[in-house]
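One structure is given here, and the rest of the page talks about it.
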2 protein chains.
Amino acid sequence: MTMRAFSRSLPMALMRARESVMAEFRPILAAHDITEQQWRVLRALVDAPGGVGIGDLAASTVLMGPSVSRILVALEGRGLIRRSPVDHDGRRSIVAATPAGFELYESISPASEDAYHRVEERFGAADLDQLHALLDRLSTVLAD
Amino acid sequence: MTMRAFSRSLPMALMRARESVMAEFRPILAAHDITEQQWRVLRALVDAPGGVGIGDLAASTVLMGPSVSRILVALEGRGLIRRSPVDHDGRRSIVAATPAGFELYESISPASEDAYHRVEERFGAADLDQLHALLDRLSTVLAD
DNA sequence: TATTGTTATACTCTATAACTATA
DNA sequence: TATAGTTATAGAGTATAACAATA
């Protein structure tokens, strides 16, 4: 049985690719004093203007519950998000971006879009579509 | 200009895919009491039996220098790697896996190969090849 | 002076468990 | 009892700067 070379490691390939892409995005986030994980949360909230439950938020951002809790405290402290109680269930709460949160998102978004387009330009739009499709399917078939 | 949906984020897609794949590998590493990053280092060393410089090791494993330093201390403490001085340059050292390091690698490797084959089976060998090709090219075109 | 590698520091996230409040 | 979310804790990595040794 032939051993796969180190470079054929799928997790490594995915990580290297992610690192390469994030190198384009990281300076933008750093300039706005927001971590990658905080940005993931903010994006998820902007994408769901009606608000999201905290458990769902953790799942959609691929973050642990405790991490989400701490991130929400930080974002709340900056006035970027707010929590609302849920009727008939005092355990839950719904999180949503505040106007300031949307504003921060909008101020970061153009540079982020530019970075994405630079990637698209260098890599090719068709290949990028194909890559997205493959990645989504990989995540889907491996999900239990 | 249409906003890309949250789910179209390339870094997110790469991370989700990596998470899905790592879910297959993580229990194997945990069972051998080795972290993901330690495993990356060990694999890199097994892949380069002649040894590698520490700077090159950091680059090839996508780890920071200080992280590599600490990981090497840990692996050295378990007798899995050794350092050798480099002739004519007292600043450098070469790191290589010890027999115990190769042995640990060999004891983990079969389960790791199995996991990879399970992924291949569910995802399709041809698509996996194509994914690898796209990921490698993405990393290449974005490398400065 | 520049380079290789280690050490120091502050911050963040992971991962698990314990805990609180509610259902 | 089970669930949603927070808090506590231990461990590891990120990122940068400072440092020692050597070139």
Side-chain angles (χ1 to χ4, degrees), chain A residues 11-12 15-16 18-19 22-23 25-42 51-78 81-96, chain B residues 11-12 15-16 18-19 22-23 25-27 29-42 44 51-78 81-96:
Chain A
M12 280 292 296
M15 202 188 49
R16 259 192 247 275
R18 181 161 195 279
E19 264 316 293
M22 280 310 300
F25 288 96
R26 239 188 285 277
I28 305 167
L29 301 184
H32 289 84
D33 200 31
I34 189 168
T35 67
E36 280 178 48
Q37 287 80 359
Q38 289 173 350
W39 175 240
R40 293 217 298 270
V41 168
L42 185 58
V52 202
I54 292 180
D56 291 345
L57 188 56
S60 73
T61 54
V62 196
L63 289 167
M64 299 271 95
S67 298
V68 171
S69 277
R70 226 167 290 114
I71 288 167
L72 290 180
V73 169
L75 296 179
E76 206 169 18
R78 291 170 67 179
I81 64 121
R82 74 184 140 60
R83 310 179 201 226
S84 320
V86 171
D87 283 355
H88 310 307
D89 192 341
R91 296 171 305 179
R92 294 169 190 260
S93 55
I94 291 293
V95 192
Chain B
M12 279 293 294
M15 199 189 52
R16 258 191 248 275
R18 179 160 197 280
E19 269 312 300
M22 280 311 300
F25 288 94
R26 238 187 285 277
L29 302 183
H32 289 84
D33 201 31
I34 190 169
T35 67
E36 280 178 50
Q37 287 80 358
Q38 289 172 350
W39 175 240
R40 294 217 296 271
V41 168
L42 185 59
V52 201
I54 291 179
D56 292 344
L57 189 56
S60 73
T61 55
V62 197
L63 290 167
M64 300 271 93
S67 297
V68 172
S69 278
R70 223 166 292 114
I71 288 167
L72 290 179
V73 169
L75 296 179
E76 204 169 21
R78 290 171 67 178
I81 64 120
R82 72 184 141 62
R83 308 179 202 228
S84 320
V86 171
D87 283 355
H88 310 305
D89 192 340
R91 296 171 304 180
R92 293 169 191 260
S93 55
I94 291 294
V95 193

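The chains referred to below are lettered A, B, ... by the order of the sequence lines, with proteins before strands, and numbering in each begins at 1.
- Rounded to whole Å, atom P of dA15(C) lies 15 Å from atom CG of Asp33(B).
- The CD1 atom of Ile34(A) sits 11 Å away from the P atom of dC13(C) (whole-angstrom rounding).
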> In B/S/- notation, 5' to 3', how is nucleotides 2-10 of chain C contacted by protein heavy atoms closer than 4.0 Å?
Replying inline: -BSSSBBB-
Output a table of donor-acceptor pairs, distance under 3.5 Å, between side-chain atoms of residues 83-90 of chain B and any protein atom two or more places apart or on a different chain; print 'none' if there are none.
residue, atom, partner, partner atom, Å
Arg83(B), NE, Glu76(B), OE1, 3.1
Arg83(B), NE, Glu76(B), OE2, 3.3
Arg83(B), NH2, Glu76(B), OE1, 3.2
Asp89(B), OD1, Arg91(B), N, 3.1
Asp89(B), OD1, Arg91(B), NE, 3.1
Asp89(B), OD2, Arg91(B), NH2, 3.2
Asp89(B), OD2, Arg92(B), NE, 3.0

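- In terms of the side chain to side chain contact (heavy atoms under 4.5 Å, CB included) criterion, residue partners of Glu36(B) (sequence neighbours excluded) are, by chain and number, Arg18(B), Met22(B), Arg26(B), Leu29(B).
- Each of His88(A) and Leu63(A) was assigned the nucleotide of DNA chain C with the nearest heavy atom; the assignment lying further toward the 5' end belongs to Leu63(A).
- Contact between Arg16(A) and Val62(B) at its shortest, heavy atoms only, is CG-CG2, 3.9 Å.
- Between Leu63(B) atom CG and Ile71(B) atom CD1 the span is 5.0 Å, to the nearest 0.5 Å.
- Of all heavy-atom pairs spanning Thr61(A) and Met12(B), the tightest one is CA-CE, 4.2 Å.
- In this structure, the side chain to side chain contact (heavy atoms under 4.5 Å, CB included) partners of Val95(B), at least two apart in sequence or on a different chain, are Leu45(B), Ile54(B), Leu72(B), Ile81(B).
- The line from CE of Met15(B) to CE of Met15(A) is 13.5 Å long, rounded to the nearest 0.5 Å.
- When each of Gly90(A) and Thr35(A) is assigned the nucleotide of DNA chain C bearing its nearest heavy atom, the one mapping closer to the 5' terminus is Thr35(A).
- First and last contacting nucleotides of DNA chain D toward chain A (any atom under 4.0 angstrom from a heavy atom, 5' to 3' order): dT3(D) to dA15(D).
- Rounded to a whole Å, the CD1 atom of Ile71(A) is 10 Å from the P atom of dT12(C).
- Atom CD of Glu36(A) is separated from atom P of dC11(C) by 18 Å (rounded to the nearest Å).
- Remark: Thr35(B) pairs with Gln37(B), Gln38(B) by the side chain to side chain contact (heavy atoms under 4.5 Å, CB included) rule, at least two apart or across chains.
- Rounded to whole angstrom, the span from the CE atom of Met64(B) across to the C1' atom of dT12(C) amounts to 15 Å.
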